[in-house]
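Reviewing the structure listed below.
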Amino acid sequence: MAYRIGFSQCSMDGPWRKAMLAGMQRELSFHSEVELRVTDAHDNSQRQQQQIRELLREGVDLLIVSPYESEPVTPAVEQAMRQGIPVVLVDRRTGSPEYTAYVGGSNKAVGEMAASYADRLLGHQGRIIEILGTPGSSATSDRHQGFTEGLRAYPGLQVVGQVTGNWQEKTLKPALATALQQHPDVSLIFAHNDAMGRGAFEVCQQLGLAKQIRIIGVDGLYGKGEGIDLVQRGVLDASLLYSPGGEDAMRTALKILRNRPFKRENLLGSIVIDSTNVETMQQQTDKIVSQQQDVERQQGLLQSLRATYASQQTILYGLLFA
Ligand code: FRU
């Protein structure tokens, strides 16, 4: 049975989103009967709505959606559900309970972990600036809520400033510089992702505050300039692992399409990556990446063997029936 899956991605910028797609494609390499159609909304909710509706018009059997902002993308997802097209939400949520399954990290738990790690790192006392992701995206509100609620247990910690960074390194810099000039006694920054943590470090360096300020980020991605590397280099004190979940999302999608039992809420676990475990994380990830490359090489080999077999069969038939 052949299936068509539509994937509405809020943005394809940055290695984290690319890792999500790569995970989906890796899973699909075992299922040649599935066709994946991918759209990129370039961080624009209007465009994402239109693209979801286009995918529905073209005809897909299932939709995977990672919404840029919750509310504006909700009507298109609800339309899909009304038309009987199952929807798997990945990483971010819509503003409605009408979806088939969710796959992603628990953003609230990520915020709570950041709060308890900050308490340990600062020895129960300190002033904090929080750098938020795009307002209106569920990852932002959940990470913020988890962090705020988590901090209630630690009266010695105080959030003295908030900066909105839109998940990107560049946009937060002027606002963070202003906030740090107003609060030069800040001792920790919680950035909602590692990219913004990287940007925050540069601002701290420029202001001569890099030694005094600890930075916690989120994502813990593999690769140069990403979370694991940033912790190794001491740019970030810690990064909270937040898996892109591409493979998991695709596996859930395939279960739904095949009418197999599936879980509606699939929360991917997180851990703190810091100086105590970063080497192990790096080695483990190196191993996984090299195993993935082996699988890809084997698949390539299998394909060329199939092609050779097919052409030899043709020659054989030619010889037998000439
Ligand atoms: C990538 C990203 C990640 C973050 C996630 C939140 O677009 O900003 O860095 O963890 O989205 O939804």
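One-based numbering, in listed order, for ligands and for the atoms of each.
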Using a strict cut-off of 4.0 Å, indicate which atoms of ligand 1 neighbour a heavy atom of [X].
X      : result
Tyr242 : 10 (O)
Trp167 : 6 (C), 8 (O)
Ala139 : 6 (C), 12 (O)

Close approach, Asp91 and ligand 1, non-hydrogen under 4.0 angstrom:
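So Asp91 counts as touching ligand 1.
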Is Gln168 in contact with ligand 1, taking contact as a heavy-atom separation below 4.0 Å?
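The answer is no: ligand 1 sits nowhere under 4.0 Å from a heavy atom of Gln168.
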Just heavy atoms, cut-off under 4.0 Å: does Arg143 contact ligand 1 by side chain, backbone, both, or neither?
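Side chain only.
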What's the shortest heavy-atom distance between [X] and [Y], and which atoms?
X      : Y      : answer
Asn166 : Met196 : N-SD, 4.3 Å
Ala101 : Thr252 : CB-CG2, 3.8 Å
Cys10  : Pro67  : CB-C, 4.0 Å

Donor-acceptor list for residues 202-221 side chains, cut-off 3.5 Å, not counting sequence neighbours:
from	atom 1	to	atom 2	distance (Å)
Glu202	OE1	Lys173	NZ	2.5
Gln212	NE2	Pro184	O	2.7
Gln212	NE2	Val186	O	2.9

Test Gln9 against every option in His42, Gln48, Lys18, Arg17 by the side-chain hydrogen bond (donor to acceptor under 3.5 Å, both in side chains) rule and name the one that passes.
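By the side-chain hydrogen bond (donor to acceptor under 3.5 Å, both in side chains) criterion, Gln9 pairs with just one of His42, Gln48, Lys18, Arg17: Arg17.
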Does Trp16 reach ligand 1 with a nitrogen or oxygen that is under 3.5 Å from one of the ligand's nitrogen or oxygen atoms?
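Between Trp16 and ligand 1, no N or O pair is found under 3.5 Å apart.
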Going by distance only, is there an N or O of His192 that falls short of 3.5 Å from an N or O of ligand 1?
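So ligand 1 has no N or O lying under 3.5 Å from an N or O of His192.
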Would you mind writing out the side-chain donor-acceptor pairs for residues 116-133 within the sub-3.5 Å range, not counting sequence neighbours?
from	atom 1	to	atom 2	distance (Å)
Ser116	OG	Met113	O	3.3
Tyr117	OH	Asp274	OD2	2.7
Asp119	OD1	His124	ND1	3.2
Asp119	OD2	His124	ND1	2.9
Arg127	NE	Asp185	OD2	3.2
Glu130	OE1	His144	ND1	3.0
Glu130	OE1	Gln162	NE2	3.3
Glu130	OE2	His144	ND1	3.1
Glu130	OE2	His192	NE2	2.9

I need the nearest protein heavy-atom contact for atom 12 (O) of ligand 1: residue, atom name and distance, please.
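Residue, atom and distance for the closest contact: Arg92 NE, 2.6 Å.
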What residue and heavy atom of the protein are closest to atom 7 (O) of ligand 1, and at what distance?
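The answer is Arg17 NE, 2.8 Å.
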Option of least heavy-atom distance to atom 3 (C) of ligand 1 (set: Asp219, Asp142, Asp43)
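Heavy atom nearest to atom 3 (C) of ligand 1 belongs to Asp219.
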Val103, Leu257: one ILVMFWY side-chain cluster at the under-4.5 Å cut-off?
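Looking at the clustering, Leu257 is in the same group as Val103.
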Without hydrogens or angle criteria, can the side chains of Gln283 and Glu279 be said to hold a donor-acceptor pair below 3.5 Å?
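The answer is no; no qualifying pair exists.
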